[in-house]
2 protein chains.
Amino acid sequence: MVTDSNLISEVSGTGFIPHLALDFVIIGFHEQELKILILEYENTSLFALPGGFIRMDEDLEEAARRVLGERTGLTDLFLQQFHTFGSLERSDPESMKAILEGKGFAAGEHHWLLQRFVTVGYYALVDFTKVSPQPDLIADRCGWHDYGRLPQLMQDHTRILQFAMQHLRTNLDQELLGFSLLGEAFTMQTLQNLYETILGEKLNRSSFQRRMLQLGLLERLEKSYTGKAHKAPYLYRFKKLGIAPASF
Amino acid sequence: MVTDSNLISEVSGTGFIPHLALDFVIIGFHEQELKILILEYENTSLFALPGGFIRMDEDLEEAARRVLGERTGLTDLFLQQFHTFGSLERSDPESMKAILEGKGFAAGEHHWLLQRFVTVGYYALVDFTKVSPQPDLIADRCGWHDYGRLPQLMQDHTRILQFAMQHLRTNLDQELLGFSLLGEAFTMQTLQNLYETILGEKLNRSSFQRRMLQLGLLERLEKSYTGKAHKAPYLYRFKKLGIAPASF
DNA sequence: TATTATTGTCGCACTATGCAACAATAATAA
DNA sequence: TTATTATTGTTGCATAGTGCGACAATAATA
């Protein structure tokens, strides 16, 4: 949905709150690996977290959902604000200027993107298979990278990413319900793998299973016959908790 | 430290990041009550959380410490960023205009303070007895209010305050070391009262004492003879943990 | 010296969790 | 058909944390 007016305003800054940005750590899970959505600027070989700006007439949260939608093609995602970053060392006008000029935009000394920015950090948990990554107007590519093998990111984006992961780790149980990281149905082993990947440590199988089941958030479905020579695991999904569960 | 240039810039907005503010929930504890530092605007009878702005050449965190210092007279306080608020409904230009005009400032339609603001929320835990509250340039008073009997606050400041309290409740144990809420030395009962006040629930005395001592963060000092007809309690203080404690 | 109120501590029950063991079972091999 | 193999669901046991009640210690007063 890139219109001319979008293009003009994103590059000129018209209609956006100046000096204030959004940055996103968009997290997926695929083949036992955490994946992070990263932008690439071809001419400079720079990598960055997806980001965006807030329109003057737009709620912060609304802006976050809009930008997230623009990068992933998805709406209604689990989205969590975790920290706002405002160090002066954040800005890196040289790199930004190179990126802009590489894309053919005139980047005078006072181009609005070259100014100092404070940025509000969000992370999103998404279903890897449902996302269709879209670069923004000044990026050349937008794609998944393995969390364990990320390229060096521009500015303080690595720090932002680490903050996000730390926040996610400490809130993992509370945010279980927002887990869009897995498909509709999954086995206990897949869930445990996800936990272990996020936490960065091995968990005990029986304890993990017991704890997950005791939370009362999982619904057991049919068995999943994988064709392997052993007992077939059950599939689970997260219960849709409309209202508080009846106590009888 | 109010200089003319301060006054001019705070009222005109010169040198500050536009549309971006800081708001503070400054929390004290005195006579078994949580206290919140609140600003009052005389002519409008409006109440507000202390706030401030970020200079263009100043780190976000640095700005927060500067503003906090201006309101409390203290530096080196425990300061925690907890959320950034950016709803469009935040702004309330009518009230702000009335406040400015009441203080004799010309508040044209486009005065910078009347514009839309996103605000970064911080809370600080302070030693009630050490703070000397100072109003800012457009407030008439700055003083402590009981948490249980707060006046209605302008804009979304009540919501900001509730976010801060919720964050504090869920992170109480982790933030124990930053506790400047109590004086240098305190009894276990005082600490428990503080916990109960923040959490809003009664705790079991012996369990609480055991848990606090097991954390290994408290140092037992001499007894405190209160003059009452019963056993005298020990005083405690938080250990200064320079480096990780030796394991031998 | 007895009384009173509060404190520091301990024991017991209950819960949560790490760890190991065991039976169940889906596919394959004999 | 039967044995084998790998993985799963479940249970038992040891350990740690916590709610709750009880008890001795003790500072001031009667």
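Worth knowing before you read on, the calculation uses all heavy atoms, side chains too, and leaves out hydrogens, waters and symmetry mates. Every chain is numbered from 1 and lettered A, B, ... according to where its sequence line falls, protein lines coming before strand lines.
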Separation of atom CG in A:N204 from atom C1' in D:dC13, rounded to whole Å: 13 Å
For atom NZ of B:K223 and atom P of C:dA5, their distance in whole Å: 19 Å
Under-3.5 Å donor-acceptor pair between A:R205 side chain and D:dG9 base: yes
Note: B:D173-B:R211 ion pair, threshold 4.0 Å (strictly below): yes
Separation of A:F186 CZ from A:L235 CG (nearest 0.5 Å): 9.0 Å
Between B:E201 and B:Y195: side-chain donor-acceptor atoms closer than 3.5 Å: no
Proximal nucleotide (of C:dA5, D:dT18, C:dA27) relative to the B:Q214 side chain: D:dT18
Donor-acceptor pair (no angle test) under 3.5 Å: A:S207 side chain, C:dA16 base: no
Given DNA chain C, 5'-ward residue of the pair A:H230 and A:R211, judged by closest heavy atom: A:R211
Separation of D:dG19 C1' from B:Y195 OH (nearest whole Å): 17 Å
Nucleotide opposite C:dA16 in a Watson-Crick or G-U pair, distances under 3.5 Å: D:dT15
Contact under 4.0 Å: A:Q189 side-chain N or O vs D:dT7 OP1/OP2: no
Between P of C:dT9 and CG of B:L213, the distance in whole Å: 7 Å
For atom NZ of A:K231 and atom C1' of C:dT25, their distance in whole Å: 6 Å
Side chain B:S206 and base D:dG21 donor-acceptor under 3.5 Å: yes
Nearest-angstrom distance from the residue atom CD of B:Q192 to P of D:dC20: 12 Å
Side-chain N,O (A:R220) to OP1/OP2 (D:dT10) below 4.0 Å: yes
Euclidean distance, atom CD of residue A:Q209 to atom P of C:dA20 [Å, nearest integer]: 18 Å
A:F29-A:F179 aromatic ring centre distance below 6.0 Å: no
Ring center gap for B:H145 and B:F47 short of 6.0 angstrom: yes
Assigned partner base of C:dC10, Watson-Crick or wobble definition, under 3.5 Å: D:dG21
Nearest-angstrom distance from the residue atom CD of B:E196 to P of D:dG19: 12 Å
Donor/acceptor link under 3.5 angstrom from A:R210 side chain onto base of C:dG18: yes
Identity of whatever pairs with D:dA3 - Watson-Crick or G-U, under 3.5 angstrom: C:dT28
